[in-house]
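These numbers come from the heavy atoms of this one structure, side chains and all, not from hydrogens, waters or symmetry mates.
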Amino acid sequence: ARRAVVPLLIGLAIVALLSFLGWENRLRKTPNRIRSARVGVQYGAMFSLPSKSRVNRMSLQLDNQIPRNQKPVFCAVHPKEPDEIVKETTTIVEEDEHIGKMWRAHGQLVVINGTLDLKGKQGAILKFQGGTEAVFVWERQQLYFVYLLPGSKPPTVGEKVFLSDKSLSMVTGDHLAGATVDMLGRQIEEEKEVDGRTYNIFNPVPTQSDLQTIRRSLLTGMTAVDSLAPMGMGQNMLVIGYPKTGKSGLTLNAAIAQKDTNLRVVYACLDGNQEAVESFIKENDASDFTTIVTPTLREGDSTKSLPASELAAQRVIAASTAVAIGEHIRDSGGEVLVILDDLTGHREMWQFICDEVLAAAGGRNIFQGADDSAMRQFYSNLFQRAGKFNRAKGSGSLSMMMVLPNRPPVKAEKNEYTLEEFTSDLVNEQTRQRLRLLVDKGIKLTPDVLDKLEIPAPGTRTIETLAWIQDIDALISLSDGHITMDETAFKAGRKPAVDPSNSLTRVGIGSGIVQGQAFAPVIKKVAPRLRLEIAQVLRDGDQVLGEIKTQRETAWQGIVTQGLGEVRSLAKQAVTLYSVRKGFFDSVAAEKGAIGVQETADDVWNKFLSGNEDIISEIEKTQDISEKNFERLTGFVDSYFSDSR
């Protein structure tokens, strides 16, 4: 009997194996027809249906939108119909049918209850049953967020939606230099002759194989940036700060600093300051190499009040349009700086997306969750479009400077607090222990003491503000560097008010075989250990900003202060940095203050211009300086101050 069983088992095993291989072969032949369906509760269970039909995927999870200890009992789902919640079933949709139905509208921004996973289809054109066309902006939990194209009539609730084979595109080329375009890339005023090519507005991020290491600095003309937190060609950089801290001044100076370079500039006026930007660019003779993008439609009514969510969608599209113009320049082998002067629209759009997902389940979004991978993906589709192409791809580069406004902190309501007031769930036990030690030593818990310890006063740190802070931290981790603006320094008159201790570039950091480099080599030669020295001088610490303790501090303050429209060449920065680091401005600072330092620095530069043209040319072309010319530069500066004594 045993001898008969063994061959039988072997035969059954062979049949099972052949059956499995045959089934796998069927799967490989129809990969596009297979869809995964998530129907697990809260965390989701994954399974696949090998079929020739598409499966209506559902998610009954919150994607970590709410902290675990605050999660409600309901789960986030999307509605199959506008007025009902999807049941725990799967709906089969035939290949030639629609991909969703219109759920509800917020102005031109429409939410669709979808049936397919459209990730990677950003920018695709969707068509409604009634003929209306819309651009697909984003998807979450199979809710599609689309923006109706100009001239489209509003769709009706429940109207079927179909996916077309077209994508939102524009015509970009040299004709856009000096032009102002709307959010769809169309010229607003004077129509120049079109000599470009059609480009998609939403494009995938470059692949790693197409990129090379960043090795050259993108100069902003501001000493505080180029010497402390420089940008590299192909880098993305965040500019973070509270309102009224000089963020726009920094980006505008960075734009006009490209006047004598081969770099093109695309400036997206996402916060609605189009007229001011156009005027500044024109006054500083930067129009010929700058394209301005506005978050509006050229046929739109500027006086019409729009829903906040619709405005946010317009800003998201306008930002992508600006990057698409830059991508054309990069793909053609050129260098371009794309400036997005306000990412508030992206944050508001993401907030709206999360609210709609939870509204579909009858819930309320009370916490964003900064480490949410879905949020990071939303921003990565923008951030990671920057990069430096390798030689095989034409060696072009696209650099991005993006302004991320910070929410002003809530001011403390009391002059002194007791230990018992720190009982919120937002204060951990370790923090309470630190506070208890202070109280035991007789130290009062005043707002100033709490600020020094970086402990928020009771009532100033809510779930919403905590979420805002964590969101910013998450975006910083996605970027290649960040510049933080200091509110107190700005009010004290230091502009740009760059906080050196909280600003850095991550290009060149790491242990790779080939190191990137954002710093100009000449800066390192004339002022080694510069970042440490300036950070020590300009730190807030125990001093009150505006009170200068030493002559050297006054000198540094004078050197890093630059007004709106005042940019410096790299050669001038090199001469000035060497002078201040050697202490040559100390006596000037004692006699005439920071203004006297600036005047003396200008005089040194004006005299250096005569007879040193070859040194200046070398620095501007190579961002470096030879040993021979370095000796000539330092000799000139040493001689200037020696004679002036």
Item checked: Which atom of I616 lies closest to which atom of A571, heavy atoms considered -> CG2-CB, 4.0 Å
Look only at the side chain of [X] and the backbone of [Y], and say whether a donor-acceptor pair between them is shorter than 3.5 Å.
X    : Y    : value
N236 : D480 : yes
N612 : I615 : no
N253 : G563 : yes
Q598 : G558 : yes

Margin query: Please verify the inter-ring angle class for F641 with F584; under 30° counts as parallel, over 60° as perpendicular, anything in between as tilted.
Written below: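 Ring orientation, 0 to 90° scale: parallel.
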Do the non-hydrogen side-chain atoms of [X] and [Y] ever get within less than 4.5 Å of each other?
X    : Y    : answer
Q573 : V522 : no
Y640 : T600 : yes
Y267 : L252 : yes
T634 : Y578 : yes
T172 : T291 : no

Can you tell me how far [atom2] of [Y] sits from [atom1] of [X], rounded to the nearest 0.5 angstrom?
X    : Y    : atom1 : atom2 : result
H482 : R506 : NE2   : CZ    : 6.0 Å
I317 : M349 : CD1   : CE    : 8.0 Å
I625 : R632 : CD1   : CZ    : 9.0 Å
T296 : L184 : OG1   : CG    : 9.5 Å

Notebook entry, point to check: Checking side chain to side chain contact (heavy atoms under 4.5 Å, CB included) for the pair L382/L340: CA distance, chi angles, key distance, verdict?
Noted result: CA-CA 11 Å; L382 176 69; L340 310 178; 3.8 Å; yes
Item checked: K444 vs V449, side chain to side chain contact (heavy atoms under 4.5 Å, CB included): CA-CA, chis, key distance, verdict -> CA-CA 8 Å; K444 296 181 178 180; V449 171; over 6 Å; no
Margin query: With a 4.0 Å cut-off on N to O distance, would you call D341 and K247 a salt bridge?
Written below: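 Looking at D341 and K247, the cut-off is not met.
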